[in-house]
Amino acid sequence: MASQALIKDFEALIGKENVFSSEADLQSYSYDSAVLTSVVPALVVRPTSTEQLGQCVKKLYDNGIPMTVRGAGTNLSGGTIPDQSDTVVVLTNGLNRILEINPNDLYAVVEPGVVTADFAAAVAKKNLFYPPDPGSQAVSTIGGNIAENAGGLRGLKYGVTKDYVMGIEFFDATGAIVKSGSRTVKCVTGYNLAGMMIQSEGTLGVISQAVLKLVPSPRASKALMAVFDDMQKAAEAVAGIIAAHVLPCTLEFLDNNTIVRVDDFTRAGLPREAAAILLIEVDGHPAQVADDAAAVEKVLKENGATAVHVPKDADEKFKLWEARRMALPVLARCRPTTVLEDATVPRSQIPAMMKAVNAIAAKYKVEVGTFGHAGDGNLHPTFLCDKRDAEEFKRVEAAIDEMFDVAIKLQGTLSGEHGIGTAKARWMEKETSRGTILFSQRLRRALDPKGLLNATKLVGI
Ligand SMILES: Cc1cc2nc3c(=O)[nH]c(=O)nc-3n(C[C@H](O)[C@H](O)[C@H](O)COP(=O)(O)OP(=O)(O)OC[C@H]3O[C@@H](n4cnc5c(N)ncnc54)[C@H](O)[C@@H]3O)c2cc1C
């Protein structure tokens with residue numbers, strides 16, 4: 001709990017209604033979406049303007065108080081769990097204005113607390129498109145998306161958050177404003193500090209504004225669902241689609257366990273006996289969409305799809321994608337604890353990775369449902385367990401350890417989109433090098449000499 005003097009200081013700065021110090025409030029900001037131990041912060045402050053945000057950061061720095069920035073707290077790696085009990089959480093959801101949408105120059109300027117789906121909807125009203133679409137978009141914020149370099153279902157064709165960041169303004173640890181990038185397509189003025197902030201997980205500064213690239217909306221789209229009686233064939237079909245030089249905007253995978261669980265809940269009529277399904281969408285000019293859909297269907301059949309369904313209308317298409325969107329929530333209902341993993345491999349290694357995930361699950365006798373962005377090699381093996389059962393959770397952790405080893409051996413990565421935080425920090429050196437850890441720590445110490453910004457996250461400070 002913060003001192004009364006500090007609470008009064010913040011109340012004077014940002015208003016009583018934006019300073020939270022009750023036990024119940026503090027508990028609410030002690031955890032995020034990762035399966036990790038919670039830490040109750042000393043105070044939560046919610047600035048509502050850029051000036052206030054800078055003043056809050058400066059006050060915390062001047063007083064040597066640790067800080068954790070928080071958007072919606074949907075990250076899956078512990079990035080917003082306070083480092084220690086005297087940490088102050090700086091909430092950005094009061095900075096939620098879309099400052100500009102420029103349809104001529106195809107960019108928008110936003111504050112960090114804008115909710116991703118609200119932004120995409122505002123842009124769509126002007127017939128423009130902001131493609132990054134994390135599954136959490138109904139609540140996640142643009143600041144959180146940038147700080148995690150969030151991906152989503154459209155990564156294969158459209159890329160991820162980093163591909164849409166043209167410029168960032170942020171406060172450094174001391175509260176000084178830093179600006180990088182611009183509203184222009186090209187900008188090489190100074191270091192690419194905006195690039196440095198992407199994926200920085202609240203450790204290098206506090207993002208206060210972003211210029212985001214927009215693209216024209218696709219004019220048409222077509223969805224397909226392919227059914228496989230063998231998971232390997234589905235995985236090989238993914239590689240086949242890419243090898244045929246077609247880039248679907250979405251290319252998703254669901255394994256049998258996920259299909260059955262989702263169908264039980266949604267009654268969407270999914271093929272329950274299938275070993276795996278692929279959900280695919282192609283978009284663009286209508287003529288291109290027709291060509292691409294035909295090419296995809298051919299590859300799917302050549303690779304052993306037992307059936308390829310094309311939704312007959314918008315309602316059926318919605319149901320298909322709803323089934324995919326329900327994968328995580330439905331799996332999460334099955335057992336008390338859901339550990340959603342993010343191991344990612346080069347696309348051609350998906351068959352090997354899928355084989356390994358299932359073998360590992362069998363070896364450690366743990367339940368896993370796998371779905372994910374197959375087109376990006378980004379699988380989400382989801383471990384269903386009960387953390388209170390220490391013996392079972394130990395097996396889950398051992399299985400995850402082994403899974404990361406396989407991902408790294410296959411030239412993949414620990415995390416395609418969920419970040420490192422504290423959840424995966426201990427594996428970082430394995431994927432990178434000792435030099436990478438030391439270099440990153442030197443960078444942090446130079447930019448944050450008091451070690452106040454999310455100190456325990458990523459490589460630590
Ligand atoms: C159901 C579900 C589905 C998900 N689906 C996806 C998915 O498809 N793809 C994907 O990539 N992720 C997904 N995620 C993970 C998560 O939603 C993303 O990481 C998202 O970008 C986090 O946004 P947030 O606003 O909740 O950020 P938070 O969780 O609040 O913060 C995330 C990190 O960013 C830092 N941060 C936040 N705001 C700022 C700021 N203004 N300046 C500096 N640092 C800041 C925080 O300190 C923290 O380290 C999912 C999560 C859930 C729960």
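No experiment lies behind these values; they were computed from the predicted model shown. When a ligand or atom number is given, it counts from 1 through the structure's own listing order.
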Do the side chains of Pro248 and Ile241 get nearer than 4.5 Å, heavy atoms only?
yes
Heavy-atom side-chain contact between Val160 and Glu417 under 4.5 Å
no
Please tabulate, one line per pair, the protein nitrogen or oxygen atoms found under 3.5 angstrom from a nitrogen or oxygen of ligand 1, with distances to 0.1 Å, or say none if there are no such pairs.
unit_1   : atom_1 : unit_2 : atom_2 : d
ligand 1 : 5 (N)  : Gly135 : N      : 3.1
ligand 1 : 8 (O)  : Gly135 : N      : 2.8
ligand 1 : 9 (N)  : Glu417 : OE1    : 3.3
ligand 1 : 9 (N)  : Glu417 : OE2    : 3.2
ligand 1 : 11 (O) : Gly151 : N      : 2.8
ligand 1 : 11 (O) : Glu417 : O      : 3.4
ligand 1 : 17 (O) : Thr74  : OG1    : 2.6
ligand 1 : 17 (O) : Ser136 : OG     : 2.4
ligand 1 : 21 (O) : Gly144 : O      : 3.3
ligand 1 : 21 (O) : Asn145 : N      : 3.4
ligand 1 : 21 (O) : Asn145 : ND2    : 2.9
ligand 1 : 25 (O) : Ala72  : N      : 3.1
ligand 1 : 25 (O) : Thr141 : N      : 2.8
ligand 1 : 25 (O) : Thr141 : OG1    : 2.6
ligand 1 : 26 (O) : Ala72  : N      : 3.4
ligand 1 : 26 (O) : Gly73  : N      : 3.2
ligand 1 : 26 (O) : Thr74  : N      : 2.8
ligand 1 : 26 (O) : Thr74  : OG1    : 2.7
ligand 1 : 29 (O) : Gly73  : N      : 3.4
ligand 1 : 29 (O) : Thr74  : N      : 3.1
ligand 1 : 29 (O) : Asn75  : N      : 2.9
ligand 1 : 29 (O) : Asn75  : ND2    : 2.8
ligand 1 : 30 (O) : Gly71  : N      : 2.7
ligand 1 : 30 (O) : Ala72  : N      : 3.2
ligand 1 : 30 (O) : Gly73  : N      : 2.8
ligand 1 : 41 (N) : Ile207 : O      : 3.1
ligand 1 : 42 (N) : Ile207 : N      : 2.8
ligand 1 : 47 (O) : Val69  : O      : 2.6
ligand 1 : 47 (O) : Asn454 : ND2    : 3.4
ligand 1 : 49 (O) : Gly79  : O      : 3.3
ligand 1 : 49 (O) : Glu201 : O      : 3.1

Within a radius of less than 6.0 Å around CZ of Arg333, do more than 12 heavy atoms belonging to other residues, nucleotides or ligands occur?
no
Looking at Phe383, is Arg335 sitting on its ring face, NZ or CZ under 6.0 Å from the six-membered ring centre and within 45 degrees of the normal?
no
Is the cationic atom of Lys58 (NZ for Lys, CZ for Arg) positioned less than 6.0 Å from the six-membered ring centroid of Phe171 and within 45 degrees of its normal?
no
Donor-acceptor side-chain pairing of Asn454 and Thr68 below 3.5 angstrom
yes
